[in-house]
Structure formats: C-alpha cells, structure tokens
Amino acid sequence: MRLIEVRMPVKIKEEIFSKLATAIRQAGDKSSKSEASSQEARISESLLRAAESRISSAEAQVTRHQLAKKDVEDKLSPPPTKQIQGDGKKAGTKTVVDEREKDKLTAQVRAADVQIQQAQKAVEAAREEAEKLKSKTLESSGITQEHQQSMSQLSSQITELKALVNSPQTDLTSDDFQNKLKKATEDTDTLQKTLPDTANPALKAFWDEIKKGFTDIQTKLVQASTPERAVVRKSGSNYSGFFEDVETGFTTILNHLQRTGGSRAQITAVSNVFDAIKNEKKNYLGGMSSSDDNKLADFLTDMNVMINDINKGETIPQASYDKLLSGATKTAKVLSENGSDFGSKIIVPIFQGIGQNLTTIKGNIPNNNEFNNLLTRFNSIINDQNPTEKLFGMTNEDFSELDSFYEQIRALKDKSLSGQATLGDVRSLTTLGNTTLSKLITKFNLSTGSSSGGSSSGGSSSGGSGFTAPRR
C-alpha cells in the first residue's frame, strides 16, 4: 500500500515531552541565576576557563601524536625497500627490504607511543585540575559533597541517555528507556530546588551542560516521533495520484471501523468527508499553490500514521479520528475552490484577456451584429455580482471549454491585425463563444447585469476587467 511506504514515528509518552521541557526550562533558569558577578566568582571563572583550555590543548596534542604515528605506520605497511646489485657480474639489481629505514620508522612509532601516553596523562591531569577547581568553587558556595555527588550522577545519567537516544538499537518506546529519562528529569527537579542560586561559574557550567544534554535528547525524540512527510502525488493539474492515495487510505480506515465495530456516527462521519473529497476529483486544479499542497500533505501524513497504527493492531483513539476529519474538511475546501490561486492567477487573467482581445477584434473587422452581441453578452457578466468564487468547482471539462474559447479569440485577434480575418472565422467564434457563455451562466448561476467596465472598453478597464478578485 503506497500510503504506508514511509518511516512511521515512534510513540513517546506525552508526559516525557512535558517533563523534558520543564527540565530544560529549570536548567536555563538556574544557569542564569548562577552567572558570575562577584570579583571572587570572576577569578574562579577565569581559573576554570584556563583549566578547560589546558584540557583542550592536551587533547589536541594527543590527536596530533596519533596522526603522526599513523603516518609512520602507513610507511611501514608495506615495509620500505631498496634496490641492490645481485650476485655475479651479469646479475641485475633486485628489491629488498630496507632494514635500516625500517628500524628508523619503527623507532619513530615507539617514540610516538611514548608521546601519546604523555599527552594522555596531560589530559587526565588537566581534567583532574579542572574538577578540583570546580569542587573548590562549589564548596565555597555551600555546595555539599552530597550535592556534588548528585550533580555527578545526573551528568552521568544524561550522558547515558544521549548515547541511548543516538543508538539505532534503542527502543525509544520501551518503558526502560522512558523510565530512565523520567528519572533524570525528576532528579533535575530535585537539584533545581536544593542547589543554591549563587553567582558561581561551576554551577553555571553544570546547568548549561544539563540544559544542552536535555535539549539534544529532546531534539532526537522529536525527530523520532515526527512522521515522515507525505508526498502529494499528481499528474498534470488533476492530482490523480493524490486521489488514488486518498481512496486507498479511506478504504482501509472504513474497513477497520466496520471490522472492529466502529459506531454508526464514526463510520458516517468518515464516509462523509471521504465523499466530500471524491466529489472534487474532476475539478480543474491548475490554481493549486505550494501552500495548498502543504495542506494536502498534512492530511495525507496524518492518514499515513493512522493506517500504520491500524496495520500494527493498535487501538485508534477518537482524537485521531477527529484530526482526520478536520484535515479532510480543510482538504475538501481547498479542492472545491480549485486552489487558492484559481481566481487571481487563473480566472481573472483569462477574463481580462478575453475582454481585451474581443475589443481589439471589434476595432479590426467590419461591423458585425453577431460579434457585437457576443461582446455585449460577455461584458454583461463582468460585474460585482459575479466574484470569482462563483466559478469555484470548475471541472477540467469546464475549464477546457473556456480555455478553447480564449485561444480561438487570440487566434482571430492575430488574423484581424493582419487583415486576414474572414466572416467564417467571426461566425465560428461567435457560435463557440455563445455556447461557452451559456454553459457558464447556467451552471454557475452568473448574473448578467450591466458591466461595471462598460461595453466600450470591452472589459479591459481596471474597474471591470474580468471577474472581481476572490474575497477570502
């Protein structure tokens, strides 16, 4: 089934997202209250930054020595060689391992190992120094050893949770993972209440670390719980692929309701919105915009999620049906109005073009009563009682007839400008025009009041140049 050939979201308890948001806010609040302000705090902050800088420098040293070691090892694999003269006067040269160069490179590898070990010890020493400074700064602010232990445990919890949420092997929906996350947020709440609000760089660094950790976890959970966006398939302007997907989806949902004993009200409601969308299947949808497509994609995405849950045997809550019904209603409205650009970018330009071209033809052909009547009739529907909303629901067939009339007018205009228009051309146009206008007037209940633009302008003036812009 095409509708479910997408990545489906994992189910995360709403409570988890709520607790995460609270923990992030609490950490941010505590961090802002722990900003260094006193002279003593600024000195402590400076010492901590220096210690952290030494950590970064030592880690960079480790990396450089490791890269240098790799470069030498690459030269040893395969071992270096050299050319020597073979035995005998007539023997040529032969390739042998260059033992001297090999020993030299091996010695460089051993030296690099020593440098790496020394650099790693420097990293450990810098970290120990930073931890002592943090501990000293914390103790001076009344942070007990017990507090420090709790802070350390929370940091470890978040490190573990970040590793879990980034692992594709982790079942994010499991009670084990979500309970661990819940405990970490509860521990944050406890510390937020017990740790003092003092100007302390070590406390600020701690709360910043907690906030970032929870934010990273939240981002991953949002990604995992967000469904992959559906693709609105279409063919030309008729959106045939979209309608196929909608029919497949609604059929699955209705079958599920009937199979599982859905209420009459549920089945009726779903059937009604399905019919509302199907009724617009023949519409001309050349006026669809990217915004319209996004609304259709939202609806299809929600439908995909529901179908996936049905196929997995999950119970579908009423809230999901309500969301589906709301999305389907919005979708049907977009389709029934031929898209939000239908009036301003499709109908208005066509009617303006018809009016202007008919006026041009009138000025370049002998006086013809039938043509004059057609122009008068066309002008009669260009009035404020005929906003573009009246043409909502225009089918592909309706639009094709209107467009054919428009193209024939353009062709006759070109002939009239070059003096090649014949009486037969004029009669053919007036016959097609009257047929087209009659269908539009009847089907869309168009008013044939007086034109606001006047017949002399042929509907080309700014006051009455085609149907009025759609009111939204």
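Remember, predicted model here, so these are calculated numbers, not experimental data. These numbers come from the heavy atoms of this one structure, side chains and all, not from hydrogens, waters or symmetry mates. Sequence positions, counted from 1, serve as the residue numbers for this chain.
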With distance as the sole criterion, is a donor-acceptor pair present between the side chains of [X] and [Y] under 3.5 Å?
{"X": "Gln157", "Y": "Asp187", "answer": "yes"}
{"X": "Asp208", "Y": "Ser31", "answer": "yes"}
{"X": "Gln115", "Y": "Gln61", "answer": "no"}
{"X": "Asp298", "Y": "Thr301", "answer": "no"}
{"X": "Ser400", "Y": "Asp403", "answer": "no"}
{"X": "Tyr239", "Y": "Asp293", "answer": "yes"}

**Request:** Answer yes or no: is there a side-chain heavy-atom contact under 4.5 Å between Lys30 and Leu203?
**Result:** no
**Message:** Are Leu402 and Phe351 packed together at the side-chain level, in the sense that at least one heavy-atom pair is separated by less than 4.5 angstrom?
**Reply:** yes
[Y] backbone acceptor or donor facing [X] side chain under 3.5 Å:
{"X": "Asn386", "Y": "Ile382", "result": "no"}
{"X": "Asn338", "Y": "Leu285", "result": "no"}
{"X": "Asp341", "Y": "Met288", "result": "no"}
{"X": "Arg229", "Y": "Asn294", "result": "yes"}
{"X": "Ser152", "Y": "Gln148", "result": "no"}
{"X": "Lys390", "Y": "Gln385", "result": "yes"}

**Asked** Got a second to check how far Thr388's OG1 is from Met394's CE, nearest 0.5 Å?
**Response** 10.5 Å
Does [X] come within less than 4.0 Å of [Y], counting only side-chain N to carboxylate O?
{"X": "Lys220", "Y": "Asp216", "answer": "no"}
{"X": "Asp189", "Y": "Lys193", "answer": "yes"}
{"X": "Lys182", "Y": "Glu15", "answer": "yes"}
{"X": "Asp309", "Y": "Lys11", "answer": "yes"}
{"X": "Asp175", "Y": "Lys13", "answer": "yes"}

**Fill in**
Tested for salt bridge (charged side-chain N to carboxylate O under 4.0 Å, His left out) against Asp398, the lone hit among Lys282, Lys439, Lys443 is Lys443
**Message:** Consider salt bridge (charged side-chain N to carboxylate O under 4.0 Å, His left out). Of Arg233, Lys234, Lys281, which one does Glu244 pass it with?
**Reply:** Arg233
**Message:** Checking ring-ring contact (aromatic ring centres under 6.0 Å, His included) between Phe274 and each of Phe299, Phe243, Phe250, which is the one that passes?
**Reply:** Phe250
